[in-house]
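Labels below follow one simple rule: chain letters A, B, ... track the order of the sequence lines, proteins then strands, and each chain is numbered from 1.
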There are 4 protein chains.
Amino acid sequence: MFIQLDFESKKPIYTQLKHEIIAGIARKDLSAGEALPSVRSLAADLGINLHTVNKAYQQLKQEGFILIHRQKGVVIHPDGVPEAGEDYYAELKETLRPSIAESICRGLSEEEYLSICQDIFKGFKEGEKK
Amino acid sequence: MFIQLDFESKKPIYTQLKHEIIAGIARKDLSAGEALPSVRSLAADLGINLHTVNKAYQQLKQEGFILIHRQKGVVIHPDGVPEAGEDYYAELKETLRPSIAESICRGLSEEEYLSICQDIFKGFKEGEKK
Amino acid sequence: MFIQLDFESKKPIYTQLKHEIIAGIARKDLSAGEALPSVRSLAADLGINLHTVNKAYQQLKQEGFILIHRQKGVVIHPDGVPEAGEDYYAELKETLRPSIAESICRGLSEEEYLSICQDIFKGFKEGEKK
Amino acid sequence: MFIQLDFESKKPIYTQLKHEIIAGIARKDLSAGEALPSVRSLAADLGINLHTVNKAYQQLKQEGFILIHRQKGVVIHPDGVPEAGEDYYAELKETLRPSIAESICRGLSEEEYLSICQDIFKGFKEGEKK
DNA sequence: GTGGTCTAGACCACC
DNA sequence: GTGGTCTAGACCACA
């Protein structure tokens with residue numbers, strides 16, 4: 001598991017960390033039940049604040065990606081991630097709509113856009129090394 | 001032209017406004033050279049501050065979607081929007097990657113994801129009413 | 001004499017008009033004592049407001065480039081333009097300083113910068129057609 | 001770092017501030033990676049509004065001179081400023097043309113004009129104290 | 001503490 | 001009337 005953060009991005013650090021862990025699960029680097037580093041050690045490894053790691057973990061727990069045991073530490077949720085529900089579809093569309101709108105304005109065809117999506121899917125399937 | 005803002009959303013109002021205008025261009029509600037409302041009148045219509053509208057307009061200008069004349073007001077860029085370049089592709093991928101990662105985790109198949117994209121494209125082609 | 005205005009520039013129209021007339025004098029298209037169009041006719045020719053032409057003319061008069069006779073109309077100042085004084089040198093430096101600072105930051109050498117200046121001088125000497 | 005603003009000037013304050021910072025970089029007072037004062041503290045120091053400082057910073061960021069970290073504050077861009085491109089040359093010429101035109105009208109020779117430019121270059125090289 | 005966002009109200013330049 | 005600038009003060013997100 002390799003986590004790459006961009007401290008100059010406009011995306012908050014905790015969001016980047018969350019996305020990296022989700023990406024790890026998506027490409028099967030992290031599997032159900034597997035242990036994650038403790039808040040403390042991950043913060044030290046990445047050179048970031050404890051609170052930042054904690055915020056990422058709390059949100060991952062909230063969204064069902066991980067479990068946080070007081071003693072056993074942090075593990076990927078053994079039962080897998082909750083399936084997509086109505087809420088998730090709505091949220092996904094809200095994310096994609098502006099992206100697609102801008103792409104249309106900039107002259108991308110539907111085929112090109114879908115092809116970019118497929119490339120990314122392919123990357124996860126092959127277990128891309130970030 | 002119908003602009004719908006969600007004041008409860010986490011997305012800044014000026015960003016929502018920007019996206020709504022880009023969506024308007026994408027579905028051809030707004031065409032090249034067409035005039036947009038003045039900063040003040042749009043702010044009044046939407047019940048927001050004129051600086052918020054101005055910020056959205058400034059960013060749209062910056063990204064090549066509109067032109068701002070000191071006196072004549074604001075118009076959709078007559079020459080169309082700059083085509084997608086390297087930067088845009090990179091940015092687009094950065095947007096899509098976390099979205100796709102999460103979808104994979106939540107059990108969406110590639111086909112389902114692409115189908116959602118296609119629906120949104122279809123919406124723009126048909127001139128969806130928001 | 002050919003005047004080209006850019007209605008989408010951020011420079012005010014009256015400033016552009018002023019600069020075009022000064023450029024005309026610089027490349028000897030307009031010579032001392034020569035008549036300029038009336039405010040009214042120039043405004044009609046260019047498709048701009050009377051006040052805009054008038055403002056340009058007033059500033060040119062103020063700075064000694066033209067004379068405005070109530071009856072005879074507008075003429076290039078017969079005695080030529082006032083020579084550069086202390087004030088002008090100071091103003092010129094204030095204009096050049098930020099331009100040169102940015103050029104240095106962007107990696108232009110002094111030679112390149114001066115060479116650009118020389119090109120522009122050459123353009124005026126050859127009576128460039130804008 | 002010493003910033004001098006002229007509140008009587010026609011040039012907007014945020015523009016003056018921007019130019020002062022660029023000048024600071026040009027004469028190596030500010031070097032790559034160096035931290036700049038926070039929006040609030042600089043505003044307090046200069047006796048201006050924090051939004052005015054912010055506007056200057058945003059434009060400097062936009063043009064690649066600085067980086068703005070959400071928490072760490074503002075630093076001179078570590079990779080240096082983007083090199084001059086086609087656009088910059090065009091813009092530079094548009095700036096210089098009116099200046100040179102007026103200088104010709106006022107009787108400055110090409111040599112005098114270039115000599116003034118050289119003086120300003122010299123000033124930056126020697127690390128002029130404003 | 002930092003910057004980001006939003007509001008409110010003022011005055012000015014331009015046409 | 002238009003947008004541009006500046007001020008003032010508020011609350012939030014981030015680390």
Legend entry - DNA chain F-proximal residues of residues 49-60 of chain D, any heavy atom under 4.0 Å: D:Asn49, D:His51, D:Thr52, D:Lys55
Legend entry - B:Ser41 side chain to B:Ser38 backbone, donor-acceptor under 3.5 Å: yes
Inset, instruction - Answer yes or no: does atom CG of D:Asp6 have more than 12 heavy-atom neighbours from other residues, nucleotides or ligands under 6.0 Å? - result: yes
Inset, instruction - For C:Ile21 and C:Leu30, work out which heavy atoms get closest and say how close. - result: O-CD1, 3.7 Å
Legend entry - C:Gln59 and C:Lys18 side chains, donor-acceptor separation under 3.5 Å: yes
Inset, instruction - Please tell me which of D:Phe7 and B:Ser38 maps to the more 5' nucleotide of DNA chain F, matching each residue to the nucleotide holding its nearest heavy atom. - result: B:Ser38
Legend entry - Strand DNA chain F in bracket notation, Watson-Crick/G-U under 3.5 Å with | for pairs to another chain: ||||||||||||||.
Legend entry - Segment of DNA chain E, first to last nucleotide, that comes within the 4.0 Å heavy-atom reach of chain C: E:dC14 to E:dC15
Legend entry - Whether over 12 other heavy atoms sit under 6.0 Å from B:Asp79 CG: yes
Legend entry - Closest-nucleotide ordering on DNA chain E, the 5'-leading residue of B:Lys11 and C:Ile13: B:Lys11
Inset, instruction - Could you pull out the closest heavy-atom pair between C:Ser9 and C:Gln16, with the gap in Å? - result: CB-NE2, 3.5 Å
Legend entry - Donor-acceptor contact present, side-chain D:Ser103 to main-chain D:Ser99, <3.5 Å: yes
Inset, instruction - Give one of base, sugar-phosphate or nothing for A:Ile48, where a contact means two heavy atoms less than 4.0 Å apart. - result: nothing
Legend entry - Approximate separation, where rounding is to 0.5 Å, of C:Ile3 CD1 and C:Leu42 CG: 5.5 Å
Legend entry - Sorted by number, the residues of residues 66-75 of chain D with heavy-atom contact under 4.0 Å to DNA chain E: D:Ile68, D:His69, D:Arg70, D:Gln71, D:Gly73, D:Val74
Legend entry - For A:Glu91, all residues meeting side-chain hydrogen bond (donor to acceptor under 3.5 Å, both in side chains), sequence neighbours excluded: none
Inset, instruction - Nearest-nucleotide wise, let me know which of A:Tyr14 and B:Pro37 is further upstream toward the 5' end of DNA chain F. - result: B:Pro37
Inset, instruction - Mark yes or no for whether B:Arg106, through its side chain, and A:Pro82, through its backbone, hold a donor-acceptor pair below 3.5 Å. - result: yes
Which pairs of donor and acceptor atoms, one on a side chain in residues 68-75 of chain A, lie under 3.5 Å apart (sequence neighbours left out)?
none

Legend entry - Heavy atoms of other groups near B:Lys11 NZ, more than 12 under 6.0 Å: yes
Legend entry - For atom NZ of A:Lys18 and atom P of F:dC14, their distance in whole Å: 10 Å
Legend entry - From D:Lys55 atom NZ to D:Thr15 atom OG1, the distance as rounded to the nearest 0.5 Å: 8.0 Å
Legend entry - Pairwise 5' ranking along DNA chain E for B:Thr15 and B:Arg40, keeping only the more 5' one: B:Thr15
